[in-house]
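Read through the structure below, which is laid out as structure tokens, and then see the notes.
Every heavy atom of this structure was used, including side-chain atoms; hydrogens, water molecules and symmetry mates were not. We count residues from 1, following the sequence as given.
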Amino acid sequence: MSDLEAPLHRPKRKKVWVDYFVQFRWIIVIFVVLPISFLMYFTTYLGDVKSESKSFKRRQKEHDENVKKVVKRLKERNPAKDGLVCTARKPWIAVGMRNVDYKRARHFEVDLSAFRNILDIDKERMIARVEPLVNMGQISRVTVPMNLSLAVVAELDDLTVGGLINGYGIEGSSHIYGLFSDTVVAYEIVLSDGQLVRATKDNEYSDLFYAIPWSQGTLGLLVAAEIKLIPVKEYMRLTYTPVIGNIQEVAQGYVDSFCPRDGDQDNPDKVPDFVEGMVYSATEGVFMTGRYASKEEAKKKGNKINNVGWWWKPWFYQHAQTALKRGEFVEYIPTREYYHRHTRCLYWEGKLILPFADQFWFRFLLGWLMPPKVSLLKATQGEAIRNYYHEMHVIQDMLVPVYKVGAALEWVDREMEVYPIWLCPHRLFKLPVKTMIYPEPGFEQQRRQGDTPYAQMYTDVGVYYAPGPVLRGEVFDGADAVRRMENWLIENHGFQPQYAVSELNEKNFWRMFDAELYEQCRKKYKAIGTFMSVYYKCKKGKKTEKEVQEAEQAILDVPYAEAD
């Protein structure tokens with residue numbers, strides 16, 4: 001039997017009106033979504049500039065006033081008649097692709113829209129203290145000119161600190177620092193009773209500190225976070241290495257790009273600062289390794305500087321693909337432009353949204369309008385379009401142990417045929433307590449490539465695009481494919497970030513994730529009956545008033561009956 005099974009054969013699918021609407025959706029995107037997106041980006045930028053013009057003392061004063069408003073609002077809630085607490089943020093504003101259907105039912109809103117300031121940059125402690133709606137573009141614009149950066153900077157500008165903490169965040173430096181939440185040193189949380197607490201790994205709220213990541217804001221309201229800063233240089237020296245072979249050889253080439261075979265994983269001379277991979281087919285991949293470089297080094301004679309941030313430049317994933325023909329090459333990219341290299345084309349989703357947007361004429365004339373805001377794309381799609389994308393489109397991340405990357409790539413090729421595939425490694429640390437996601441038991445005895453005694457190396461296998469069967473006009477059951485993917489992850493000690501569409505039922509949700517610490521904190525900090533459970537919040541489908549009432553009572557009656 002070959003190492004790669006043939007993709008499944010499927011019959012042809014009859015087109016319906018939604019297919020044609022999606023095919024010509026680019027008209028709405030160009031004439032409506034892009035102009036409004038540009039205005040929204042510009043307005044946000046002006047707001048950021050206004051915030052940055054204020055002293056840290058002034059920002060802190062405003063922060064304290066806004067926290068008091070949140071506390072007051074929570075204390076106004078009557079548990080006997082008001083719904084469960086959630087933020088006042090509109091469902092379509094979230095960058096995640098899952099339906100935010102829990103807000104369609106009865107709920108009690110708390111407005112956190114004012115929490116979008118950088119409160120302090122402490123160069124001595126190497127800590128950035130920020131509010132939850134600060135996004136990656138905003139923080140990198142402030143820190144990079146100081147030759148500082150968050151240890152993990154998620155690629156898309158619009159991703160917020162709160163979303164990356166309560167949900168999931170990763171970047172090419174995560175093979176060193178872990179996920180975004182692993183770089184947080186303190187959380188400031190307003191609990192269900194209105195009490196403001198500061199949780200760290202070694203104070204009285206240490207259990208809450210470890211329970212917050214992946215909890216989707218269901219333990220309390222995050223109002224600030226202190227996040228680790230690292231020193232950086234002006235440029236990223238990026239090496240593009242092509243690998244051609246069967247799918248297992250491609251996977252091994254990826255692992256070898258950042259995991260020394262001698263196990264010396266903590267040696268900075270052997271491990272690059274940044275890593276990512278893009279698999280373009282079952283036999284081709286390009287793996288990029290980056291090291292910070294000074295301006296003086298980048299501008300030496302013979303070195304090539306590539307300002308990938310200019311709007312007319314080729315999309316990054318297509319530029320990287322040229323290594324398959326050119327062979328290995330090296331170039332220098334300004335650090336902040338490298339951080340946000342996937343923003344303009346939304347990885348490769350931009351090709352589906354605007355099929356011609358990668359052409360030079362479009363990039364030159366209208367590329368400065370890119371990208372469309374994900375929130376506006378969601379706001380301009382009706383129920384039928386949304387359901388179409390759930391069935392005919394895949395946006396999923398599979399977090400798997402790095403030694404299982406080859407198996408994951410084979411599964412995606414066979415079941416979904418989605419390309420390109422994004423690969424990004426991250427450490428999954430062995431912590432003092434068992435959190436919602438955790439390494440494989442006994443991993444430290446296996447001494448596998450990439451692992452250390454204190455962390456197991458994982459990889460995000462990012463699957464974003466229309467599946468091959470859909471592109472060929474064949475029948476494809478998206479919901480069933482996601483269910484099979486989720487089952488595969490459970491069987492292989494993998495995890496599914498919950499920003500995406502999930503088909504997990506409650507039983508399988510808690511097979512994938514560990515509930516013990518989370519449930520202990522739900523009880524201890526009186527989140528039950530105030531905040532919905534993380535499963536209920538992530539659950540697919542609309543929630544009715546009756547469902548909310550039954551879910552509230554079930555949570556109060558039985559610890560693990562989480563709102564079905």
Can you confirm if the aromatic rings of [Y] and [X] lie within a centre distance of less than 6.0 Å?
{"X": "Trp312", "Y": "Phe360", "result": "no"}
{"X": "Phe38", "Y": "Trp368", "result": "yes"}
{"X": "Tyr240", "Y": "His319", "result": "yes"}

Under a 4.0 Å N-O cut-off, is there an ion pair linking [X] with [Y]?
{"X": "Glu417", "Y": "Arg472", "result": "yes"}
{"X": "Asp19", "Y": "Arg13", "result": "yes"}
{"X": "Arg427", "Y": "Asp182", "result": "no"}
{"X": "Asp48", "Y": "Arg141", "result": "yes"}
{"X": "Arg483", "Y": "Glu503", "result": "yes"}

Distance (rounded to the nearest 0.5 Å) between [X] [atom1] and [Y] [atom2]:
{"X": "Leu34", "Y": "Leu376", "atom1": "CG", "atom2": "CG", "value": "9.5 Å"}
{"X": "Leu156", "Y": "Thr343", "atom1": "CG", "atom2": "OG1", "value": "5.0 Å"}
{"X": "Gln496", "Y": "Ile437", "atom1": "CD", "atom2": "CD1", "value": "12.5 Å"}
{"X": "Ile385", "Y": "Lys378", "atom1": "CD1", "atom2": "NZ", "value": "15.5 Å"}
{"X": "Phe356", "Y": "Arg363", "atom1": "CZ", "atom2": "CZ", "value": "14.0 Å"}
{"X": "Asp460", "Y": "Ile170", "atom1": "CG", "atom2": "CD1", "value": "4.5 Å"}

Problem set entry | Crowding at OH, Tyr45 (>12 non-hydrogen neighbours, <6.0 Å) |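 Result for OH/Tyr45: open.
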
Exercise. Under 6.0 Å from the NZ atom of Lys14, do we count more than 12 heavy atoms belonging to anything else shown?
Worked result: no

Do [X] and [Y] have side-chain heavy atoms sitting under 4.5 Å apart?
{"X": "Trp348", "Y": "Trp315", "answer": "no"}
{"X": "Met485", "Y": "Trp411", "answer": "yes"}
{"X": "Glu284", "Y": "Pro242", "answer": "no"}
{"X": "Met512", "Y": "Phe495", "answer": "yes"}
{"X": "Pro132", "Y": "Ile165", "answer": "no"}
{"X": "Phe115", "Y": "Leu222", "answer": "no"}
{"X": "His393", "Y": "Tyr464", "answer": "no"}
{"X": "Gln265", "Y": "Cys259", "answer": "yes"}

Taking [X] for its side chain and [Y] for its backbone only, find out whether a donor-acceptor pair lies under 3.5 Å.
{"X": "Gln498", "Y": "Cys538", "answer": "no"}
{"X": "Asp273", "Y": "Tyr292", "answer": "yes"}
{"X": "Thr183", "Y": "Val152", "answer": "no"}
{"X": "Ser173", "Y": "Ala151", "answer": "yes"}
{"X": "His175", "Y": "Gly172", "answer": "yes"}

Any idea which heavy atoms bring [X] and [Y] closest together, and the distance?
{"X": "Glu337", "Y": "Gly309", "value": "OE1-N, 2.8 Å"}
{"X": "Ala320", "Y": "Tyr280", "value": "CB-OH, 3.6 Å"}
{"X": "Val402", "Y": "Thr459", "value": "CG2-OG1, 3.5 Å"}

Problem set entry | Evaluation steps, side chain to side chain contact (heavy atoms under 4.5 Å, CB included), between Thr289 and Arg291 | CA-CA 7 Å; Thr289 54; Arg291 292 184 180 274; over 6 Å; no

Exercise. Just checking, any donor-acceptor pair under 3.5 angstrom between side chains of Glu331 and Asn306?
Worked result: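 Looking only at side-chain atoms, Asn306 and Glu331 do form a donor-acceptor pair, the distance falling under 3.5 Å.
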
Exercise. Is a side-chain donor-acceptor pair under 3.5 Å present for Gln248 with Glu410?
Worked result: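 Gln248 and Glu410 do have a side-chain donor-acceptor pair below 3.5 Å.
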
Problem set entry | side chain to side chain contact (heavy atoms under 4.5 Å, CB included) evaluation trace for Ile230 with Lys228 | CA-CA 7 Å; Ile230 60 170; Lys228 180 179 180 178; 4.2 Å; yes

For this session: From the options Phe274, Tyr235, Tyr332, select the one residue that forms a ring pair (Phe, Tyr, Trp, His ring centres under 6.0 Å) with Tyr338.
Result: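 Considering Phe274, Tyr235, Tyr332, a ring pair (Phe, Tyr, Trp, His ring centres under 6.0 Å) with Tyr338 is found only for Phe274.
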
